[in-house]
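In the text below, chain A, chain B and the rest are named by the order of the sequence lines, each starting its count at 1.
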Amino acid sequence: MHSPESFPPAPAALLQGLNPEQLAAVTLPAGHALILAGAGSGKTRVLTTRIAWLLSTGHATPGGILAVTFTNKAAKEMLTRLSAMLPINVRGMWIGTFHGLCNRMLRAHHKLAGLPQSFQILDTQDQLSAVKRLCKQFNVDEERFPPKQLAYFIAGCKEEGLRPRDVEVHDSDTRKKVELYQLYEEQCQREGVVDFGELMLRSFELLRDNDPVRVHYQRRFRHILVDEFQDTNRLQYAWLKQLAGDVVDGRLVTQGGVIAVGDDDQSIYAFRGARVGNMQDFVREFDVRHQIKLEQNYRSYSNILDSANALIAHNSRRLGKNLRTTQGPGEPVRVYEAPTDLAEAQWIVDEIRQLVREGPMPRSEIAVLYRSNAQSRVIESALFNASVPYRVYGGLRFFERAEIKHALAYLRLLENPHDDTSFMRVVNFPPRGIGARTLEQLQDAARGSGCSLHDAVSSVPGKAGANLGAFVAMVDVMREQTQGRNLRAIIGQVLESSGLLEHYRNEKEGADRLENLDELISAAESFVTQEGFGRDAVALPLDETGAALTQSPASQGLDPNRPLLQQPLVDTDTGETLSPLAAFLTHAALEAGDNQAQAGQDAVQLMTVHASKGLEFDCVFIGGMEEGLFPHENAMSDQGGLEEERRLMYVAITRARKRLYLSHAQTRLLHGQTRYNVRSRFFDELPEEALKWLTPRQQGFGSYAPDSRAASAYGAGARAGFGFNAAAFASPPVPPRKEEPAHGLRVGLAVFHTKFGEGKVLAIEGQGDDARAQVHFPRHGTKWLALSVAKLTVVE
DNA sequence: GTTAGCAAGCTTTTT
DNA sequence: GCTTGCTAAC
């Protein structure tokens, strides 16, 4: 390494425009540091500039840096920004998600980790079906032990770093669960598959139990950067600790530096194992010398920031941080109270149309956020009726679609015939006369001889056995036919010979699915070109110094422009690389693809508050600001729950740059029942001077008052949760939806049908009892309805 | 092998 | 109340 004096100065352009805190963070001296980065404080910029600074000053080589994120999106963003900042290549850099990096490590040391090199990765769906299969196999009472819950239990154990033998057992139910956890582990091992949790845990154990490997990586990664540190779980923290150094005499002795960037106020994933406490632990255990707060916000006007600051101040146990801006107050935060959820949606849409017309504001700069997905429907429907283009985030991602998973299952069987999860998925899809009874026989046989389904096929007699044999033979033929061919050809061949294409061609609604399968080929194609698979696959230089573990293909042959994360994964002992197919399957499992619907035109953005984290918009609507919804009733069982809801609200508020709208409805249709909701307590935690009430602020009714009767009813844990029953009060704030007489309809009116939802009146015919109306429903098409029968309500 | 009908669930979610 | 996923019947 260089001596400190020999470091060249950083290029001036790199550090230009950084504020003092950012500059301090970027140029931190060696050692561990915690950076508390508030919303909109330029966190990603600091992170990437830090890396660029380390590299350009010679403090580090690309191979000596490890930067880890939670999402592929964040990792990509970092790589993109970094390559824009520095002309040097990013070769040798480990920048990726926790799971992506673990995957890489496990492929490289698969023998030590006890895995086949081409192990496949189970996503959450796959994991659940594997658990279901296991439960059937061992006759588990699925009433007492729902597979879903078991899968959740297993994932939870792994997140805590617990193997079956480590789990404390106090009751018989837990004992049974642990037993099944153990059996599940054996099943996965036999099949050569790992789930997401296993990826992390196995990688951790690899480091913990193999001194040379651990020492190698410790020596190599002198600079570790962690993004969104507040979201790390116990296992991820332990993994980082392994990489950072060893515990000697109870003290952590480290050689490099870990820079953790996070914001405790934006910790919104405790429900899936995130542990904010890791931040405090980090400061203590790593003996952190430098703590830097990034509080300068470059995103929002001060009315918005003041609101966020005031709200979050109600949380206890904060590390303490206050956002500030040099921008003016900006517009007030607008608050609206609607009589119903429908009216709220309508108001949002009206407001959006006005913004677009008069702003003029691009629709893509307008976001509607909500606490739970169920809330999107009313808003979607209102937008649809007003012909406002919108885009909903969330839902099925590309690689999670059924037809894609089918195709991938065939591909996995090519790689590994013993992958029983994939076997079961497609053994009778498309249908080939292999029924449930046959499969039961097959599974019994497999369990009897402790082998895979594939190997048990020959022991099933008769016609059933012949059908199974034909399936296996078909897959074998496919494997032979695709030998040595490129990825595109392999997938094309498999889609054809499996009968998938044929099947969907004959299906009425199969056009979309065929299109998606086509898309799969394109995805494989671009994977190959981007990653350079197929041609000159080169081994990965694990160590720039050519240390023992490296196979060292030197540095030639690697394309500096392609992200190393996705370069061929290599066995460090043999130099053996993954086949393009296996690599593609890994890619498919680790990166489920876009989860946003129809991209394209300028559209209003709809998403949950969780999904909005990390994004920003000129204008943000937050709907459903009601007790029970936001904060959500299910989150309120403990103090921590409320605080997490508050952080969630904090995240939501800080998404807005210029304009923020908060709205709530007095009544809302939820689970088929009209609920009378009280205004969210969060309103009472916002600074009055930053707000503008578009509707009169009501006292008593519709407001959350900690000492009121209402609150004590909640405190007592009223059955109804937060939605109070009309009967509980002398008079409800607003009468429930009124039914209009048939003659109240006009062409063009928006109406609500109890079965078909909201629609638009296209035509009206007839008189009195014969009156009929033609109504278009976005979800059910156009229908003629007899007004004397159909229950239609006019939507305000 | 497809379709209808019924029961269950219903906060947030990435890998 | 609505959607989804599974069983049961055609």
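Closest-nucleotide positions on DNA chain B for A/Arg371 and A/Ala592 were compared, and the one nearer the 5' end corresponds to A/Arg371. Nearest-nucleotide mapping onto DNA chain B: of A/Asn428 and A/Thr608, the residue sitting toward the 5' end is A/Asn428.
Rounded to whole angstrom, the span from the NZ atom of A/Lys148 across to the P atom of C/dC6 amounts to 9 Å. In this structure, NE2 of A/His671 is placed 19 Å from P of B/dA7, rounded to the nearest angstrom. When the P atom of B/dT13 is taken as reference, atom CG of A/Leu648 falls 10 Å away, rounded to whole Å. Whole-Å rounding puts the A/Glu400 CD to B/dT13 P distance at 12 Å. We find that CG of A/Asp123 is positioned 13 Å from C1' of B/dT13, with the value rounded to whole Å. When rounded to the nearest whole Å, the span between CG of A/Asn373 and P of B/dT11 equals 11 Å. Atoms CG (A/Asn72) and C1' (B/dT14) sit 9 Å apart, rounded to a whole Å. Rounding to whole angstrom units, CG of residue A/Leu670 and P of C/dT3 are separated by 14 Å.
The side chain of A/Pro431 lies closest to B/dT2, out of B/dT2, B/dT12, C/dC2. Of the candidates B/dT11, C/dC6, B/dT15, B/dT11 carries the atom nearest the A/Ser372 side chain, counting heavy atoms from C-beta on. Of the candidate nucleotides B/dT15, B/dT11, C/dC6, B/dT11 has the atom lying nearest to any side-chain atom of A/His632. Here the side chain of A/Arg397 is nearest to one of B/dT15, B/dT13, B/dT11, namely B/dT15.
Open room surrounds CD on A/Gln673; 12 or fewer heavy atoms of other groups in view lie less than 6.0 Å from it. More than 12 heavy atoms of other residues, nucleotides or ligands shown are found within 6.0 angstrom of CZ on A/Phe429.
Contact annotation: A/Arg272 does not reach the phosphate of B/dT15 (side-chain N/O to OP1 or OP2, under 4.0 Å). Put simply, A/Thr124 has no side-chain N or O that comes within less than 4.0 Å of OP1 or OP2 on B/dT15.
Separating the C1' atom of C/dT3 from that of B/dT14 is a span of 24 Å, rounded to the nearest Å. Between B/dT11 and C/dT4, the two P atoms lie 15 Å apart (nearest whole Å).
If you check every strand for non-hydrogen atoms under 4.0 Å, A/Phe98 touches nothing. Residue A/Phe70 is in sugar-phosphate contact alone, with no base atom involved, counting any heavy-atom pair closer than 4.0 Å across all strands shown. Nucleic acid contact class of A/Gly433 (heavy atoms, under 4.0 Å, all strands): sugar-phosphate only. A/Lys158 comes within contact range of no nucleotide atom at all, as no heavy-atom separation falls under 4.0 Å.
Judged by ring centres under 5.5 Å apart and planes tilted less than 30 degrees, A/Tyr269 fails to stack against the six-membered base ring of B/dT13. In this structure, A/His610 does not count as stacked on the base of B/dT12 under the 5.5 Å centre distance and 30° plane angle limits.
Looking only at distances, a side-chain donor or acceptor of A/Thr97 sits under 3.5 Å from a matching main-chain atom of A/Gly100. A donor-acceptor contact shorter than 3.5 Å is absent between the side chain of A/Arg647 and the backbone of A/Asn315.
Ion pairing between a basic and an acidic side chain is recognised when a charged N comes within 4.0 Å of a carboxylate O; A/Lys158 and A/Glu198 show such pairing.
Relative to the six-membered ring of A/Tyr269, A/Arg275 misses at least one condition, a distance below 6.0 Å or an angle of at most 45° to the axis.
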